[in-house]
Enquirer: 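Take this structure first; my questions come after.
Residue numbers start from 1 in every chain, and the chains themselves are labelled A, B, ... in the order their sequence lines are given, proteins ahead of strands.
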Number of protein chains: 2
Amino acid sequence: MPYTYEYPHPAVTVDVLVFTFQAGELKLLLIQRGRPPAEGMWAIPGGFVNIDESLKRAAWRELNEETGVHAAYLRQLGAFGHPDRDPRERIITVAYLALLPVDRLHIQAGSDAMDARLFGLQKLPELAFDHAKILRRAHERLRQNFADASTALHLLPETFTMSQLRRVHEQVLGETLDKRNFSKKMQTAGLVAPTGEKQKVGAHRPAALYRKA
Amino acid sequence: MPYTYEYPHPAVTVDVLVFTFQAGELKLLLIQRGRPPAEGMWAIPGGFVNIDESLKRAAWRELNEETGVHAAYLRQLGAFGHPDRDPRERIITVAYLALLPVDRLHIQAGSDAMDARLFGLQKLPELAFDHAKILRRAHERLRQNFADASTALHLLPETFTMSQLRRVHEQVLGETLDKRNFSKKMQTAGLVAPTGEKQKVGAHRPAALYRKA
DNA sequence: GCAAAAGTGTTTGAGGTACACCCATGC
DNA sequence: GCATGGGTGTACCTCAAACACTTTTGC
């Protein structure tokens, strides 16, 4: 108990919103809390920032602990610090946004979690603390970041079909996009290159595969 | 000395980047530090977050202490938390971006400042701590926010000329803009309305005044 | 009258949007 | 053969960009 200060200090955590794209849906990684407060509730994964660790480094550590991932699109979303957002003590959290392809993601429930799962954004459980607010801000931010169309590529595997890429955009923007216009735009923008391969799934014409250009 | 914790806690501050537009230039409010560390150096105004105060509220308090202003455009820029960014102890700061018209700004050097002044962005002194880094991020963010052309209006007084508005944009974007195209865009976007008044200054044709529409 | 900033229209090109039919496959 | 999603081209329109001369004022 040796850490003493002249003035009260808040605790600082990082929370990482891990988004990926699976089964035609944009999904978010949540953990089920294994201890109080909010035990049993679903929450955005995160943890305390070590005293000699940068915020970004703490975010990488948390991301790695939950997913095994070392490299990904990782951006700071912002700080959330309402005085009563956590019942234990004053906790300020810095939220990060991570985008990564589902095939690189190996979900591991951290030591203080009962479970960890991906949830479609339309099928989310009730979230602990102020995490619903953080998620709303993340979603707004995603929409902004998708103005740069290359952002979506971080959510997909090495190769992907044009429909998959289009569905990522559609789900983030919350509107449907024209197939022809979308494909034209991606190609003339030089964002994707055809691999020459095709992907056969289901009772329909195979789809051409593309890679990030 | 009564504040003890089981684990070390960082201190948390808010810093407020106050931008305004004066004498044809985009300016930033800086304070000259009146005590160590970095005594005598110029810095972005800020201070510690009270333990029962939200981040936003702390930012408003700091803004008000330095400028007397209660209402302004105030947005969170982000958190900066390198472990060695302050020599005293681990301090994480949450930076805010404020835009306000110069005629509402009443600069008051806070209690721990020797001086407070506006600086043109091209004529900045060397900044304390990691404040140059924070400023770079603020400038990037300003450029992004100016994609919404109405943002610039927060920097100008109630009435203004088209040239003033154009110069705000030019300085944030770092490029010159075509007079005719700019004026057309502002008016067809419905962002400004002519007041009917004119402003006579200097040996040239008077400029029409506009207000926010 | 001259210097200094304000004011004003037209043309062009690029990119975004709307829109409908045939193709390859599995069952 | 039929259901399913994949793939393709054209016409239109909107908006951004380029561009030069006249006007009003103070000195």
Side-chain angles (χ1 to χ4, degrees), chain A residues 21-25 143-144 146-152 156-157 159-211 213, chain B residues 21-25 143-144 146-152 156-157 159-211 213:
Chain A
F21 190 74
Q22 184 192 45
E25 269 191 313
R143 272 192 291 270
Q144 287 173 24
F146 268 54
D148 175 358
S150 68
T151 306
L156 292 173
T159 64
F160 49 86
T161 68
M162 196 56 84
S163 292
Q164 287 174 324
L165 180 55
R166 182 163 42 81
R167 273 185 211 109
V168 172
H169 280 262
E170 287 178 339
Q171 298 210 11
V172 169
L173 301 177
E175 58 188 307
T176 61
L177 300 172
D178 183 85
K179 252 196 304 192
R180 284 167 291 191
N181 292 338
F182 182 82
S183 170
K184 203 189 317 174
K185 188 170 158 185
M186 293 300 119
Q187 299 199 247
T188 63
L191 289 178
V192 298
T195 63
E197 306 285 305
K198 300 209 176 221
Q199 169 184 282
K200 294 194 191 190
V201 288
H204 54 82
R205 180 170 173 177
L209 285 168
Y210 294 84
R211 70 160 51 90
Chain B
F21 190 73
Q22 184 192 45
E25 268 191 313
R143 272 192 291 269
Q144 287 174 24
F146 268 53
D148 175 357
S150 67
T151 306
L156 291 173
T159 65
F160 49 86
T161 69
M162 196 56 84
S163 292
Q164 288 175 323
L165 181 54
R166 182 162 43 82
R167 271 184 215 110
V168 172
H169 280 262
E170 287 178 340
Q171 298 209 11
V172 169
L173 300 177
E175 58 189 304
T176 60
L177 299 171
D178 182 85
K179 251 196 304 191
R180 285 166 290 191
N181 291 338
F182 182 82
S183 170
K184 202 188 318 173
K185 189 170 156 184
M186 293 300 119
Q187 300 200 246
T188 62
L191 289 178
V192 298
T195 64
E197 306 285 306
K198 300 209 177 223
Q199 170 183 281
K200 295 195 191 190
V201 288
H204 53 83
R205 180 170 174 176
L209 286 168
Y210 295 83
R211 70 160 51 88

Enquirer: Could you work out, with side chain to side chain contact (heavy atoms under 4.5 Å, CB included) as the rule, every residue matching A:Arg143, not counting sequence neighbours?
Expert: A:His139, A:Glu140, A:Val172, A:Leu173

Enquirer: Quick check for you: to the nearest 0.5 Å, what is the distance between A:Tyr210 atom OH and A:Thr159 atom OG1?
Expert: 12.5 Å

Enquirer: Which donor-acceptor pairs under 3.5 Å do side chains of residues 188-199 of chain A form with protein atoms, sequence neighbours excluded?
Expert:
from     : atom 1 : to       : atom 2 : distance (Å)
A:Thr188 : OG1    : A:Lys184 : O      : 3.1
A:Thr188 : OG1    : A:Lys185 : O      : 3.4
A:Thr195 : OG1    : A:Glu197 : N      : 3.0
A:Thr195 : OG1    : A:Leu209 : O      : 3.1

Enquirer: Figure out the CG/P separation between A:Leu209 and C:dA24, and round it to whole Å.
Expert: 17 Å

Enquirer: Could you check whether the side chain of B:Arg180 and the base of C:dA6 have a donor-acceptor pair of N or O atoms closer than 3.5 Å, going by distance alone?
Expert: no

Enquirer: Please list, pair by pair, any protein nitrogen or oxygen found under 3.5 Å from a nitrogen or oxygen in nucleotides 3-5 of chain C.
Expert:
from  : atom 1 : to       : atom 2 : distance (Å)
C:dA4 : N3     : B:Ala203 : O      : 3.2

Enquirer: Just the rounded figure in Å: distance from P of C:dT8 to CE of B:Met162.
Expert: 9 Å

Enquirer: Return the value, rounded to whole Å, for the distance between atom CZ of B:Phe182 and atom P of C:dG7.
Expert: 13 Å

Enquirer: Within this structure, what is the NE2-to-P distance between A:His169 and C:dT17, rounded to whole angstrom?
Expert: 13 Å

Enquirer: Expressed as a whole number of angstroms, how long is the span from A:Gln187:CD to C:dG16:P?
Expert: 14 Å

Enquirer: Calculate the interatomic distance between B:Asp178 atom CG and C:dT10 atom C1'; express it in whole Å.
Expert: 13 Å

Enquirer: Would you mind reading off the distance between B:Arg166 atom CZ and C:dA6 atom C1', rounded to a whole angstrom?
Expert: 9 Å

Enquirer: What nucleotide, of C:dA6, C:dT25, C:dG9, holds the atom closest to the side chain of A:Pro206?
Expert: C:dT25

Enquirer: Listed by chain and number, what are the salt bridge (Lys or Arg N to Asp or Glu O under 4.0 Å) partners of B:Arg167, not counting sequence neighbours?
Expert: none

Enquirer: What are the 5'-most and 3'-most nucleotides of DNA chain D lying under 4.0 Å from any heavy atom of chain B?
Expert: D:dA17 to D:dG26

Enquirer: Rounded to whole Å, how long is the line connecting atom CG of A:Asn181 with atom C1' of C:dG15?
Expert: 10 Å

Enquirer: Using the ring pair (Phe, Tyr, Trp, His ring centres under 6.0 Å) rule, collect all pairs that involve residues 170-189 of chain B, keeping only residues at least two apart or in two chains.
Expert: B:His169-B:Phe182

